[in-house]
Amino acid sequence: MTETKILHASTENILDCVKYLKNGDVVGIPTETVYGLAADAFNADAVAKIFKIKGRPSDNPLICHISDLKMLDYLTCDKNSSLFRNITEKFWPGPLTVILPKKAGVLNLVSANLETVAVRFPSNAIARSLIDSFGRPLVAPSANLSGRPSPTTALHVYNDLKGKVGAILDGGRCEIGLESTVIRLEGDLVEVLRPGAVSVDMLKSVAANVSLGDSVLKPFASDGAAVCPGVKYAHYSPKAEVVLIDSSFSNFCKYVLDRMGRDVWCVVFDGEQGFFQKNVLTFGSSPASQARNVFSILRKLDEVGARKAFFRAPSKSGIGLAIYNRLLRASGFNLVVL
Ligand code: AMP
Ligand code: MG
């Protein structure tokens, strides 16, 4: 059993983490989206540790993180289309992952044997400084146990992975709180495979043709090929059964009040909690604050011992679509529209 240290993200500690990575070990790192579990993208043993530690299915590929456009040369030969350049000029560094044709040297373990590789250039200063000092791309899936809500604080990472990782760099609470938007480019078409803080409307400001992948609001069709393999797995779930209620607040109340009981909780927007006497949590008022809080609240449901939770659905516009998508998956598509 490894001793797990939570390290303040000082320059010295960042350099210590670079040593762990060069040794083929993994470390927990902050990014602006969620905490990542980082490893050298070109060290097969280190990458294998990530799958083992997280319990991640091996057919779910990893995102490679860069801190400089020159690092793209390790990963792909296809970085010159005007669509790719326009999109990355606008949204990199930031919470956007682009799927690109992969170069021969990219490990099959990283790309889950696909012909493509997922790339992101994070904006978080600690993540960038770590990748810069390391000098090569790092893979960094979310630093949770597979299936659990993604971690947005160093303590969330510690609670999931203590004894399994040597170090977690503590960069405070993640600014965005939801994983990156994942897009695929085909000709002049941008397809959103996973929604995130870079919204469909934001993408439309630089690309004429933006569509939403089938899996964003629907369960994975078991007979279809997964374009974004991660979508076919159960995700983000607390132990409680989550029911997502897409309705007005008054319909939410009518539906939920009859169904409350021991260990049954409801999660509403800030300011709505007064309507319930007990077993109520709030997850923010603006879409940005709901995004920051949603994974903490899903973890909180476990802490309070909830058996069932009725979750008020956010609006589906802007970053709201990404929150809605995560809650649909956390509920196993247990959606009630009123
Ligand atoms: P995570 O790192 O846990 O946030 O998950 C990464 C997401 O990116 C998963 O949903 C993966 O399926 C997706 N992804 C990574 N690489 C590829 C790829 N080459 N093609 C399509 N989706 C990918
Ligand atoms: Mg994840």
Side-chain angles (χ1 to χ4, degrees), residues 26 28-39 41 47 50-51 53-66 72 75-76 78 84 94-104 106-122 124 127 137-152 156-157 160-161 174 176-186 190-198 212-216 218-220 224-237 291 294-295 298-299 322 325-326 328-330:
V26 300
I29 64 163
T31 81
E32 71 276 22
T33 57
V34 301
Y35 272 74
L37 186 60
V47 177
I50 285 192
F51 284 93
I53 290 172
K54 281 180 58 81
R56 185 175 175 107
S58 61
D59 62 352
N60 191 0
L62 304 176
I63 297 173
C64 294
H65 293 69
I66 58 174
L72 278 171
L75 303 167
T76 186
D78 282 77
F84 176 70
L96 179 74
T97 296
V98 188
I99 309 293
L100 293 165
K102 73 170 184 181
K103 230 173 169 170
V106 175
L107 295 170
N108 278 330
L109 206 52
V110 167
S111 61
N113 291 311
L114 298 171
E115 293 306 312
T116 51
V117 63
V119 188
R120 185 162 99 82
F121 184 162
N124 177 281
L138 293 174
V139 283
S142 50
N144 52 315
L145 293 173
S146 260
R148 296 259 300 143
S150 298
T152 52
H156 292 163
V157 182
D160 271 17
L161 303 182
C174 297
I176 293 171
L178 290 179
E179 304 85 348
S180 57
T181 305
V182 178
I183 60 168
R184 184 165 75 118
L185 310 178
E186 200 156 318
V190 176
E191 188 184 11
V192 175
L193 302 178
R194 176 175 75 181
V198 174
L212 213 53
D214 277 349
S215 56
V216 171
K218 285 190 227 132
F220 169 69
V227 205
C228 190
V231 301
K232 70 182 178 188
Y233 294 105
H235 247 99
Y236 320 119
S237 307
V294 66
F295 284 134
L298 287 170
R299 282 174 181 262
N325 163 276
R326 304 311 189 272
L328 265 179
R329 285 187 159 63

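We count ligands from 1, going down the list as the structure has it; atoms in each ligand are counted the same way. These numbers were taken from a predicted model, which means no experiment stands behind them.
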Is there a side-chain contact between Glu32 and Ser180 in this structure, where contact means two heavy atoms from C-beta onward sitting under 4.5 Å apart?
no

Checking Val106, Thr76, Leu100, Ile99 against Thr116 for side chain to side chain contact (heavy atoms under 4.5 Å, CB included), the one that qualifies is Ile99

Under 4.0 Å from one or more heavy atoms of Arg194, ligand 1 contributes atoms 1 (P), 4 (O), 5 (O), 6 (C), 7 (C)

Practice task
Kindly confirm or rule out an N or O of Asn60 lying under 3.5 angstrom from an N or O of ligand 1.
Solution key: yes

The atoms of ligand 1 lying under 4.0 Å from a heavy atom of Leu114, numbered in the order shown, are 18 (C), 19 (N), 20 (N)

- request: Kindly indicate, with the supporting measurements, whether the criterion side-chain hydrogen bond (donor to acceptor under 3.5 Å, both in side chains) is fulfilled by Arg120 and Thr33.
  value: CA-CA 11 Å; Arg120 185 162 99 82; Thr33 57; 3.3 Å; yes

One finds that the ligand 1 atoms under 4.0 Å from a non-hydrogen atom of Ser142 are 2 (O), 3 (O)

Out of Glu115, Arg56, Arg184, Glu179, the nearest non-hydrogen contact to atom 5 (O) of ligand 1 is supplied by Arg56

Would you say Ser111 and ligand 1 have an N/O pair spaced under 3.5 Å apart? no

Check: Between Ser142 and Glu179, is any side-chain donor less than 3.5 angstrom from a side-chain acceptor?
Finding: no

> Is there a donor-acceptor contact under 3.5 Å from the side chain of Lys102 to the main chain of Asn108?
Replying inline: no

One finds that the ligand 1 atoms under 4.0 Å from a non-hydrogen atom of Thr116 are 18 (C), 19 (N), 20 (N)

Under 4.0 Å from one or more heavy atoms of Ala118, ligand 1 contributes atoms 15 (C), 16 (N), 17 (C)

In the structure I gave you, are the side-chain heavy atoms of Ile53 and Leu37 within less than 4.5 Å of one another anywhere? yes

* To do: Can you establish whether the number of heavy atoms outside Lys218 located under 6.0 Å from its atom NZ is more than 12?
  => no

message = Can you tell me if, anywhere in Asn144, an N/O/S atom lies at a distance from the Mg ion (ligand 2) that is smaller than 2.8 Å?
response = no

